[in-house]
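Protein chains get the first letters and strands the later ones, always in sequence-line order, with residue 1 at the start of each. Source: prediction; values computed, not measured.
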2 protein chains.
Amino acid sequence: MSATDLKASTSMSKWVYNFGGGNSDGDASMKNLLGGKGANLAEMASLGLPVPPGFTLTTEVCTAYYDNAKTYPEGLAAEVDAAVAKIGTTVGKGFGDQSNPLLVSVRSGARASMPGMMDTVLNLGLNDETVKGLAVLSGDERFAYDSYRRFIQMYSDVVLGVDHYSFEEILDDYKEVNDKFLDTDLTAADWKKIIAGYKEVIARDLGRPFPQDVTEQLWGAIDAVFGSWMNDRANTYRRLNNIHAAWGTAVSVQAMVFGNMGETSATGVAFTRDPSTGENAYYGEFLINAQGEDVVAGIRTPQPLTLKAKSEMGETADSLEEAMPGTFKELTDVFAKLEKHYRDMQDIEFTIQEGKLWMLQTRAGKRTAKAALKIAVDMCEDGLITQEEAVMRVEPGSLDQLLHPSLDPDAPRKMILKGLPASPGAASGEVVFNSDEAERLAQEGRKVMLVRVETSPEDIHGMHAAAGIVTARGGMTSHAAVVARGMGRPCVCGAGDLKIEKDANSFSVAGQTVQKGEIITIDGATGEVYLGEVKTTKPELSGDFGKLMAWADQSRRMGVRANAETPLDAKTAREFGAEGIGLCRTEHMFFEAERIVAVREMILAEDRGGREAALAKLLPMQRADFTDLFKVMAGLPVTVRLLDPPLHEFLPHSDAEIEEVAKASGINPEELKTRAHKLQEFNPMLGHRGCRLGVSYPEIYEMQARAIIEAACDVVKESGETIVPEIMIPLVATKKELAILKERIEEIAADVLRERGVELDYLIGTMIELPRAALMADKIAEDAAFFSFGTNDLTQTTFGLSRDDAGSFLPAYIRAGVLEQDPFVSLDQEGVGQLIEIAAERGRKTRADIKLGICGEHGGDPASIHFCEQVGLDYVSCSPYRVPIARLTAAQSALAAKK
Amino acid sequence: MSATDLKASTSMSKWVYNFGGGNSDGDASMKNLLGGKGANLAEMASLGLPVPPGFTLTTEVCTAYYDNAKTYPEGLAAEVDAAVAKIGTTVGKGFGDQSNPLLVSVRSGARASMPGMMDTVLNLGLNDETVKGLAVLSGDERFAYDSYRRFIQMYSDVVLGVDHYSFEEILDDYKEVNDKFLDTDLTAADWKKIIAGYKEVIARDLGRPFPQDVTEQLWGAIDAVFGSWMNDRANTYRRLNNIHAAWGTAVSVQAMVFGNMGETSATGVAFTRDPSTGENAYYGEFLINAQGEDVVAGIRTPQPLTLKAKSEMGETADSLEEAMPGTFKELTDVFAKLEKHYRDMQDIEFTIQEGKLWMLQTRAGKRTAKAALKIAVDMCEDGLITQEEAVMRVEPGSLDQLLHPSLDPDAPRKMILKGLPASPGAASGEVVFNSDEAERLAQEGRKVMLVRVETSPEDIHGMHAAAGIVTARGGMTSHAAVVARGMGRPCVCGAGDLKIEKDANSFSVAGQTVQKGEIITIDGATGEVYLGEVKTTKPELSGDFGKLMAWADQSRRMGVRANAETPLDAKTAREFGAEGIGLCRTEHMFFEAERIVAVREMILAEDRGGREAALAKLLPMQRADFTDLFKVMAGLPVTVRLLDPPLHEFLPHSDAEIEEVAKASGINPEELKTRAHKLQEFNPMLGHRGCRLGVSYPEIYEMQARAIIEAACDVVKESGETIVPEIMIPLVATKKELAILKERIEEIAADVLRERGVELDYLIGTMIELPRAALMADKIAEDAAFFSFGTNDLTQTTFGLSRDDAGSFLPAYIRAGVLEQDPFVSLDQEGVGQLIEIAAERGRKTRADIKLGICGEHGGDPASIHFCEQVGLDYVSCSPYRVPIARLTAAQSALAAKK
């Protein structure tokens, strides 16, 4: 029911829902009305579990409260009175009854968990008179006055807004003056004096005494909960977590039970399975003679629940299983009942009062990725949940933890630097500062850590050789980050405090110097850099992982491909379940040492003849690249993007490199420098690149098309496998560009097929990565067999925002709430997404069977993949290490769409 | 009628339309069916004018011919036979009749003039027998054989495809061997021998004799015309001029008349008014005893039509008025009749055969801008056309010629260099190579020509001081070009051959060196650069100009504003009729010598405090800027764009400049260099600029907002005039950016209004210059009182194309037909235009009265202005010198929309 529906039905509303005492007005499905806490308490009570009776003021009350200038709806007070009386009847006590007082807790509870909200108030109903009754009833005066002072403290802090330091000061002073050390050293008489001190502070601060009327206390607490719904903290939290203010919060009022009434009382928390490993074993801890807050406070060491846990942890204190075997049995029955009922692992709070078990809360338990995986698979295999439900239970992003090595949590470490968590995984290696050296040392079998100010395409070989990469500059989508993620190398980026010394033999950070050759360890999942080697643990891709992935694949509609160029990356991708290559960036192939000279020769050639001579040298190398790739991916589609970056990216910088090109080409160095200078651009991202190169220098794409088709022919001949190369033209803005290049490629292909005598299907398609291409998609589709959305460039142009330059203000933008997240990490669905929708719709209008995919960084981002499912794309393509994440997300999206 | 309609009606078509001999089947409205030539011949014949009889094969025949594998429709042959016979009856001759032969001309004629098409064939119907008849009939054997050889030559060239050099060779050889010099020296006997030679060549080349059958001749010519419709030249011309192949061409066949039958025969061309000045005086030339081609060939000097022209030109040869007074009278009656009928100045071809006047063609005459203006105004004042028609008669782009000085066409000149015609106008000045020197010399009263490799915002003062600008690099929309057009300075850009020597004391071009201080002259309308001073003529903004502009303003719906920053530019704009400022780029104000240091101090400051100190120095200067501007534009709206370019654009380059900033700010130079380096960007266009600066450094926009509102208050107080400043936020991509900045500006404004005690309306709006802004316009409009389309940036981002870098391939793209024109010059309506439409529609949906304008370079481009009218924008804003063009175009667009 939406907030509007709620409002519409206000006039005949039921404002208060009772639970406990044998029945409940609500149930677990009513989270929107009763909040998560209230709904689950009602549900547990309905299941016949021992829940202290109580009632919930609905979220509707909250909405009405704000809609009517902070006044409560008519009839609410009467309903609350009746509900309080009902609790009293159930537990045989009276609210405010001096001899037999009913005490209650008051808790907030919205439909989504909101840690920024008001905390709990316990022991409400105590005053100067009822405390005496409690003392008599419990036979423990100290307990009664301790409860009273706790209540005053909590209520004053949470409801009255009195600074809690005042109370702490009084308590500390009292202990010091009276030579007491622990709270437990204080007697009832001590607490009475302290309470008197508390009340003085309150009277002084507020100008009125601490409320003695229990109904006034209750309404004060209810007011405070509803008031907290609109405080700054809550507003901020809601904005960040997409929770609507109109949803409102509920308030649950519940009879108090006490775990601190002696040795037969206790309080504890438990998980029905191990939230860390997912093992099907009870997990939790408890304290004898304690209240819930004591378990959390950590003053006393909690005891384990089970004998098994006790022995595994080498504890000496009794487990609950030993201390209270009967109650333990009762508790485990509850566990079983709750898991079966909720069909998920539960996180539970319980209290044992004088031997009687009470359930205070249950909810789905938070868990690690590993546990989520194991629990989902186990529950499915036990028939508790379906395969589809199992697939929905694992957060795809969390798989990242499972696919990479991570730091051993117990290993000692010394952090020296923190940057951005650019590519997950942990690794150690000796510091090197340049890519050639990284490659050389790696070939000697040494593990190296490449440390750079920033990386460029010329560092590819060094990054490949390194165990990990650290850069001083660049954001989450800088060159280093993107390439590292693609290769599955851990990477820490934008570590601004890192200063590489001029001689490039050391780096310094906050006064500390690290020499070349020293070992450092990085954690790419946190962005942390440690001095020395820190032990890492290998990923465990257990059988559960494989099972869940197989189930996911059964539910999935979209294909999942990988972005990969090298046979190694392609193999990794295939192992991770990629169903093809969605993006092979041919420029990455150009940087290898043996061929970069020929590439430069081609770029700096004076005329077409010169370029063709250089390209002739490149053809066999490029053909070999594709041959290797097609072999690895045999039977699967491979999308090859023709040369994309502006030519100056390949140019030599140093005089030695220029000399090398001069020698190879026979052109004098000065002339080469002039030509190189001419190629420089103000805004390379918006310059002479992509298909613009293909139009200006047809011979480059002709060479690449020939290499692709020749390689495909050769592999078909040799292996007999089907190879369907998909040739992709980048940066198309007009139909004509594609038409011109397509015609040329078709001519080349026809020549090659004739020469090789092979029959072969191939596709020609285009990137949609410019707003204009998206807008003109109907025209462009006339010549394109497929569209692949290049969402990196599309985001750059739609926002007018360079990925490389955004670092200077994007963090501030996200802080200021201008952007909710980095649009290069998660697709800007409302802006860039519109263009994708337009292009998909128009492309299909022209060509109903056009293949649509995405190959930007967003192809591995869960939220973006959901969007792709909604728009109906055919596949997503991402870096190899994100393929499992994409498979799982695609499955979840498809399942969500089915609903 | 469209091509489709034509096809649909094919079965019952009439293929041939007769004209002449007292009546016509067609008329001038049937250009689509009969072509321009055929329709006008029919019209003239209907008017009772003396038109040699003939007929037109319709464009429908052409369409049918191509639709049916180059075969003619059934019944066509019979219709042609009948039409030929009808001509014969009318003129009393027979086609192929040996004693009384009918000769005809065959001409192509599409609905739009196509110079790339087939030429005319004259004298068709001559063969070895009919030539004898013609000799007898005309009593001039030489005339007959001369006509025959002309026919063979033309027909062979145009229809048979025989190389015309063969014929020229035969003729030249014959003359040389026989010692003849001029064609007129040749007798009938000579021509007979030459004809024999011609026929031999044809028989040898084609393997068959020259066709003697006159019907075969006629169909050959018809085939050739229809065939030429699809030749490469025609296809290219059509593509470039947006003419559809499906329109087809018509063929007109017409009885020959001869201006070369002696002293009572003549041929000529005439304009009903002077096409150069527009003066209402007959203008034209003729030759006695000549055919049309002789007038054009220029071997004999043609004679003027009128006595007046004769005396003005100081000619001695008789005018037609003197030589053939009767025919002259007849001709001027025709002129009057045609002008009155067509209501426009006509371009006419006529022939006088033995004293009888024949009209061969009439069409609207091409004319200069000056003439167009004068003719339109004169005709309107004479009641021939309405004011609205007068407005439609002048091509807005041509006004550029009238608004700037131009080179005296008769002045001698020596061209040394050619670049792009970047900003119209002609000017001379002494060469200087830097802006400071330009300013200094100009202050001494010297005229300087600023010569730079390229210009940057730091050259603004030098460009302002210079009479003109020449750059070696940059395209039509480079900084130099854009700024020069804005200032109305002539400019030649991208003169690639220009090399500025390292010492910057001279430049060289093709071996020639020009020293600093030498005078050069440039013509910004042609891109030509001359050595020395070339005489220029001043623009004549005569009364006609004012009248036409006033009429235009009456028809106009859209407002016209100017892009201007300085009081001088604003004054110019107002003089040219601007109705406000649509774009005041505040960054231009930052470069003046006294303030650039403060600007740099602000940019390089360590913290907000440092920035605020520097901004406090800038505030009074900025306020003074706006005060001046508001005074000039009093009563009109002024849109001020807050700072837009990335801060590094303002940074010092030289050590001396850095030293200066160091001194002013107290920060050491090394630190300054480091900070400057940090601000560098890979793609400044997509970087930290526009409102991103406003969000990161609120104090900058706060200073600017304060300066604007303070200035407005001061001017209101002083003058009592209404001032409505429109504060414009650049580069908005999200609603939130605008919301944040708007709130801050409103706070500042409220403060200032309170301080100054003034009531003032002001608007806050935004540029729409990013695709995302266009897509999110509905949301953005919630906070924007107006949108101004920044089509420069919008084009850059929509195409993913940097204006500064496009020069390297854009010309090739236009040549290859990928783009029809530079999208930075004329709006890409089909791509970028979609975003404008989307934004306009969505903006209005949110805010029905949102003010919509355009302030990119396109605001002064006629085709783009038409688009703005179609989308319903409220105003266009352009550089001051283009304001009249925009006014006229806007009027024409509004008139076109009314239809």
Side-chain angles (χ1 to χ4, degrees), chain A residues 473 646 678-693 695-696 731 733-737 739-740 769-776 779 793-810 812-813 816-819 823 828 830-835 838, chain B residues 473 646 678-693 695-696 731 733-737 739-740 769-776 779 793-810 812-813 816-819 823 828 830-835 838:
Chain A
R473 279 170 57 172
K678 263 198 172 168
L679 286 172
Q680 278 176 11
E681 296 185 303
F682 296 106
N683 294 284
M685 199 59 76
L686 306 177
H688 195 174
R689 52 173 285 234
C691 69
R692 296 163 192 170
L693 295 172
V695 172
S696 315
L731 213 75
T734 68
K735 171 186 156 58
K736 185 83 184 204
E737 290 166 318
I740 289 175
E769 51 186 338
L770 296 175
R772 194 177 193 281
L775 294 166
M776 303 301 294
K779 295 273 187 301
D793 269 300
L794 192 59
T795 300
Q796 293 196 109
T797 45
T798 305
F799 271 93
L801 186 59
S802 149
R803 210 169 63 168
D804 294 322
D805 299 310
S808 61
F809 61 93
L810 213 47
Y813 256 48
V818 174
L819 294 172
D828 162 46
E830 97 184 326
V832 178
Q834 279 192 55
L835 288 174
I838 288 172
Chain B
R473 280 169 57 172
K678 262 198 174 170
L679 287 172
Q680 277 175 14
E681 297 185 303
F682 297 106
N683 294 283
M685 199 59 76
L686 306 177
H688 196 174
R689 52 174 286 234
C691 68
R692 296 162 192 170
L693 295 172
V695 172
S696 316
L731 213 73
T734 68
K735 170 185 158 57
K736 184 84 183 206
E737 290 166 319
I740 290 175
E769 51 186 337
L770 296 174
R772 195 178 192 282
L775 294 166
M776 303 300 295
K779 296 273 186 300
D793 269 300
L794 193 58
T795 300
Q796 294 196 108
T797 46
T798 305
F799 271 94
L801 186 59
S802 150
R803 210 170 63 168
D804 293 323
D805 300 310
S808 62
F809 61 93
L810 213 48
Y813 256 48
V818 173
L819 294 172
D828 162 46
E830 115 188 305
V832 178
Q834 279 192 55
L835 288 174
I838 287 172

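- Put simply, the side chain of A:Gln834 reaches to within 4.5 Å of the side chain of B:Met776, judged on heavy atoms.
- Side-chain contact between A:Leu686 and B:Asp805 is absent, with no heavy atoms from C-beta onward closer than 4.5 Å.
- The number of heavy atoms from other shown groups lying within 6.0 Å of NZ (B:Lys779) does not exceed 12.
- In terms of the side-chain hydrogen bond (donor to acceptor under 3.5 Å, both in side chains) criterion, residue partners of A:Glu737 (sequence neighbours excluded) are, by chain and number, A:Thr734, B:Tyr813.
- In this structure, chain A has a heavy atom under 4.5 Å from the side chain of B:Leu819, while its backbone stays farther away.
- B:Phe682 approaches A:Asp804 most closely through the heavy-atom pair CD1-CB, 3.3 Å.
- Interface residue B:Val818: backbone and side-chain heavy atoms are both found under 4.5 Å from chain A.
- In this structure, chain A has a heavy atom under 4.5 Å from the side chain of B:Ile740, while its backbone stays farther away.
- Distance CG/A:Leu775 to CD1/B:Ile838: 6.0 Å, rounded to 0.5 Å.
- When every heavy atom of A:Pro771 is checked against every heavy atom of B:Thr797, the shortest pair comes out as CD-O, 3.4 Å.
- To the nearest 0.5 angstrom, B:Lys678 atom NZ is 9.5 Å from A:Arg473 atom CZ.
- When side chains are defined from C-beta on, B:Arg772 counts as touching A:Glu830, because their heavy atoms get closer than 4.5 Å.
- Nearest heavy atom pair, residue A:Ala816 against residue B:Lys736, reads O-CE, 3.9 Å.
- Only the side chain of B:Asp828 comes within less than 4.5 Å of a heavy atom in chain A; its backbone stays farther off.
- Evaluation of the side-chain hydrogen bond (donor to acceptor under 3.5 Å, both in side chains) rule for A:Arg692 yields no partner, not counting sequence neighbours.
- Expressed to the nearest 0.5 Å, how far CG of B:Leu801 lies from CE of A:Met685 amounts to 14.0 Å.
- To the nearest 0.5 angstrom, A:Arg689 atom CZ is 10.0 Å from B:Phe809 atom CZ.
- When A:Ser696, A:Ala739, A:Pro684 are compared by the number of non-hydrogen pairs under 4.5 Å with chain B, A:Pro684 comes out ahead.
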